[in-house]
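Any value given below was found using the heavy atoms of this structure, including those in side chains, with hydrogens, waters and symmetry copies removed. What you see is a predicted model, and the numbers here were worked out from it, not measured in a lab.
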Amino acid sequence: MIAEVIVDVLSANVDRVFDYEIPEGLDVKRGSRVAVPFANRNVEGFVIATKSCSSFGGNLKRVRALLDELPALTEETLELAQYMARRYHILLAESLRLFIPAEMRGGRVSEKTVAMVRLPVGRSLEELKVGLRKGSVSQERILEYLSENGDCSTAELNERFSGLRSLEKKGLVEIYTLSLNREPYHEVSGRGKAVELNEIQSQVCEQILSQPGGRFLLHGVTGSGKTEVYIRCIHECLQLGNSAIMLVPEIGLTPQVVRRFRAEFGGQVAILHSGLSKGERFDEWWRIRRGAARVVVGARSAVFAPVENLGLLIIDEEHEQSYNSESSPRYRTEEIAAYRTARHGATLLLGSATPLVETYYRASQGEFKLLEMAERANHAELPEVVTVDMRREIRQGNNSIFSQELSDRLEQVLSRGEQALLFINRRGYSPVVVCSECGYVAKCADCDVTLTYHRDEELLKCHYCGAKYHMLTECPACGSKHIRQNGLGTQRVVEQLRERFPKARVLRMDNDTTQNKDAHLTITTKFANREADILVGTQMIAKGHDFPNVTLVGILDADLSLYFSDYRANERTFSLITQVSGRAGRGYLKGSVVLQTHTPNHPILKLAREGDYRSFYEYEISVRRATFFPPFATVLRVMVSSESDEEAVECLKRVFAPVMELKKKYPDHFLFLNKMKAPVKRIMKRYRYQILMRVYGAMTEQIIGQIYDVLDSVPGKSASAYLEINPASMY
């Protein structure tokens, strides 16, 4: 037999099938991972087919080893990998890598085992003791210990006694290998509670379950009980013998989802995301592949989980941009989910309190069945939102980061023993460090961005490349010691909170405080257990979390995302404000929100204050229709980068010329085309330029395909170029 192998080497020169002979007795199947000789070395590869003979004229090399007991790739995931390679113009090996834990490549992680000892079956303790020499006290104690306690590890017995090896040689004990499962969030458990769905939830479930294989958009206000709908649908999915995948946008949301799902589904739940240890990810992946886990909870990459008989795929908080991969391969999770569910007749369910404008439009056009839940599940009122004009606060002499309204309400919340969330979407202490004398601004040496001051470490950090610098004591340009920190970050908010409310217990949740494994869980558990009064955080706290004792949310700088040079700026602002506001009043206590802004009359802030998604959608879709932005056109961006500015410019020219020819070929389908510097010109020592396009009409997919062809044909040793379709961010 012959194996058709894709070698696990990322090079366009070898992006094709190689035939290898399968040695007698090696059970190689389609989907297996194998070790093969390639170019005078051993490499790993993926078997995409087997056949009885090869058209290759020479002598075939032989497969050297089968790497896994079970084919790592299923028929479905192999097909999906091949689709992705075609769709995103990536190497098949690069696509296939997405479907296995990275640590499986090169054998960097393996099954965890422990050597165990047991007494032989069918032999009594007294019978075993007969086989001992007189005076073998320690060996006798081992037999007695095993008889009383059952199987034990060799490590435990060797620590307590001597003579274990002699017992094994005499056949009086048996040593065997036990596989151990490295369970993530093992401390997270939940007790099943019978939750009776309300009338609206029941109607929504009935519609979803009555149309297997359908596509649904569940638009429910914050606190409307979307998770209960998901759980009921998963129960029905499992009863039909199928599996389910539930995607959440951030690792920080996983522990609370896991707690709820384990209460419902027990050991059938597996977790997949980048925050797990190598061993945990390996073990969870194999539990799914072997069919031991049929409910997968995870972040974006869990869309590639090797489940069999997929019946339901849920994307919660579908509006989140984290569902778009911003590194190669650049894919949209919803697009992968749509292909995967459509090919196998599974149900696709998207959920959000603030759906993407494009998704809601597609639902209005019939591509998704729109399901609405307009009230909170426990009939609680949505929080009252109070807008504070910070310009007026300054005129009245209040230069604090807290308005008088927010300060007063914080005081009241603390006095009542309730909790508050404060949201500022910037980490660090201060986003800009500037010289008061000459205006010098501290910038990263490798990126064209300002450095953020982190006071707890006395460092300046680049939030793009991670570089760290000592805090300035004097200006490097003029020598002045008058260094000023401008702007606001989470650290500064915490510091000023502690000054204003010294008795308040404050926690911070941002990218800096959640670097360690399980840090998200630690912070959210402390806050849920009411070990803190105020939680300060970035957008990590803006979604999904359910803290019943939170009655106040403060949004410190609501204008922050309004003026980005991005057509999604309005949408992001509305979504963030709505989502973070929804953390208030989720229990039986009434909630309120204080929204601090310098532009209180901005229409998006007004709509967000009212929590009126439908009016926001009508406003935003009319703007998009008038200006021909998605969903009425497609934004394409070719990003070119190189460590050499000259080479980046040269590569830009080589790409732009054939793209310009495409515009001439399809003049009626190009709304815009231009080349320019990227908004952030340099990141991680690489200069960045972009070609921006807006295209529309029936030829859009053909134009995209031809742009990919241009990028595939443009040579460049040190410069790279890639295409983004409706990019999630435009920095």
Side-chain angles (χ1 to χ4, degrees), residues 4-18 30-31 33 38 43-49 72-102 104-106 274 299-306 321-340 342-343 634-642 651 654-655 658-659 686 688 690-691 693 700-729:
E4 293 186 350
V5 176
I6 296 293
V7 293
D8 191 8
V9 176
L10 296 188
S11 169
N13 296 327
V14 298
D15 187 32
R16 57 190 174 87
V17 169
F18 292 90
R30 175 170 153 85
R33 292 193 315 128
F38 186 81
V43 300
E44 295 177 2
F46 303 92
V47 177
I48 62 168
L73 302 171
T74 65
E75 288 288 334
E76 185 211 357
T77 53
L78 262 175
E79 181 188 347
L80 183 55
Q82 290 167 327
Y83 159 75
M84 288 189 65
R86 295 191 303 271
R87 176 71 180 94
Y88 301 111
H89 280 243
I90 58 177
L91 303 176
L92 184 51
E94 186 176 13
S95 179
L96 288 165
R97 285 182 180 183
L98 294 169
F99 292 86
I100 63 171
M104 278 175 63
R105 298 176 50 247
S274 60
R300 180 179 68 214
S301 61
V303 76
F304 304 115
Q321 71 180 69
S322 60
Y323 285 126
N324 294 298
S325 172
E326 294 187 352
S327 59
S328 185
R330 292 172 173 82
Y331 62 87
R332 288 177 51 237
T333 302
E334 188 264 320
E335 190 170 52
I336 304 303
Y339 181 87
R340 188 169 187 182
R343 293 289 289 178
T634 302
V635 174
L636 303 176
R637 177 165 83 155
V638 173
M639 179 62 69
V640 174
S641 69
S642 173
C651 183
R654 290 199 305 270
V655 175
V659 172
R686 295 184 71 87
R688 307 164 77 243
Q690 63 185 14
I691 301 171
M693 295 160 267
T700 296
E701 285 301 317
Q702 191 166 332
I703 291 169
I704 289 172
Q706 292 183 44
I707 292 172
Y708 273 126
D709 291 340
V710 168
L711 298 179
D712 290 343
S713 65
V714 172
K717 291 183 179 179
S718 62
S720 65
Y722 57 84
L723 176 66
E724 295 176 308
I725 303 170
N726 290 334
S729 58

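Rounding to the nearest 0.5 Å places CD1 of Ile90 at 6.0 Å from CG of Leu98. Interatomic distance, Leu10 CG to Leu91 CG, rounded to the nearest 0.5 Å: 6.0 Å. The OG1 atom of Thr634 lies 9.0 Å from the CD1 atom of Ile703; values are rounded to the nearest 0.5 Å. For the atom pair Arg87 CZ and Glu701 CD, the distance stands at 5.0 Å (nearest 0.5 Å).
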*Please walk me through it: do Glu79 and Glu75 pass side-chain contact (heavy atoms from CB on, under 4.5 Å)?*
CA-CA 6 Å; Glu79 181 188 347; Glu75 288 288 334; over 6 Å; no
*Could you walk me through whether Glu44 and Arg33 pass the salt bridge (Lys or Arg N to Asp or Glu O under 4.0 Å) test, one step at a time?*
CA-CA 7 Å; Glu44 295 177 2; Arg33 292 193 315 128; 3.2 Å; yes
*Applying side-chain contact (heavy atoms from CB on, under 4.5 Å), run through Arg330 and Leu723 and close with a yes or a no.*
CA-CA 9 Å; Arg330 292 172 173 82; Leu723 176 66; over 6 Å; no
*Stepwise side-chain contact (heavy atoms from CB on, under 4.5 Å) test for Leu78 and Arg30*: CA-CA 9 Å; Leu78 262 175; Arg30 175 170 153 85; 3.4 Å; yes
*What's the verdict on side-chain contact (heavy atoms from CB on, under 4.5 Å) for Val14 and Ile6, showing C-alpha distance, side-chain angles and the deciding distance?*
CA-CA 8 Å; Val14 298; Ile6 296 293; over 6 Å; no
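Closest heavy-atom contact between Ser95 and Met84: OG-CB, 3.5 Å. Counting all heavy atoms, side chain and backbone alike, Ser328 lies closest to Glu94 at OG-OE2, 2.6 Å. For Ala81 against Leu92, the heavy-atom pair with the smallest separation is O-CD1, 3.9 Å. Here the closest heavy-atom approach between residue Ile100 and residue Met104 is recorded as CB-SD, 4.3 Å. Considering all non-hydrogen atoms of both residues, Ser729 and Arg637 come closest at O-NH2, 3.6 Å. The minimum heavy-atom distance between Cys651 and Val714, with the atom names listed, is SG-CG1, 4.4 Å.
Under the side-chain contact (heavy atoms from CB on, under 4.5 Å) criterion, Ser327 pairs with Ser325, not counting sequence neighbours. Legend: residues meeting side-chain contact (heavy atoms from CB on, under 4.5 Å) with Ser274, ordered by chain and number and at least two apart, are Ile251. Partners of Arg340 by salt bridge (charged side-chain N to carboxylate O under 4.0 Å, His left out), not counting sequence neighbours, listed by chain and number: Glu76.
Looking at Arg97, its side chain never comes within 3.5 Å of a backbone N or O of Ala102 through a donor-acceptor pair. Counting only distance, with no hydrogens or angles, the side chain of Thr77 and the backbone of Leu73 share no donor-acceptor pair below 3.5 Å. In this structure a side-chain-to-backbone donor-acceptor pair under 3.5 Å is missing from Asp8 to Gly45. Judged by distance alone, with hydrogens and angles left aside, the side-chain atoms of Arg300 form a donor-acceptor pair with the main-chain N or O of Ser322 at under 3.5 Å.
Between Phe304 and Phe99, the angle of the ring planes goes over 60°, which puts this pair in the perpendicular group of the 30/60° scheme. In this pair, Phe18 and Phe38 present their aromatic rings perpendicular. The plane angle is above 60°, beyond the 30 to 60° band.
The side-chain heavy atoms of Pro727 and Val635, taken from C-beta on, include a pair separated by under 4.5 Å. A 4.5 Å side-chain heavy-atom check between Ile725 and Leu636 finds at least one atom pair inside the cut-off.
With no hydrogens or angles considered, a side-chain donor-acceptor pair links Tyr88 and Glu335 at under 3.5 Å.
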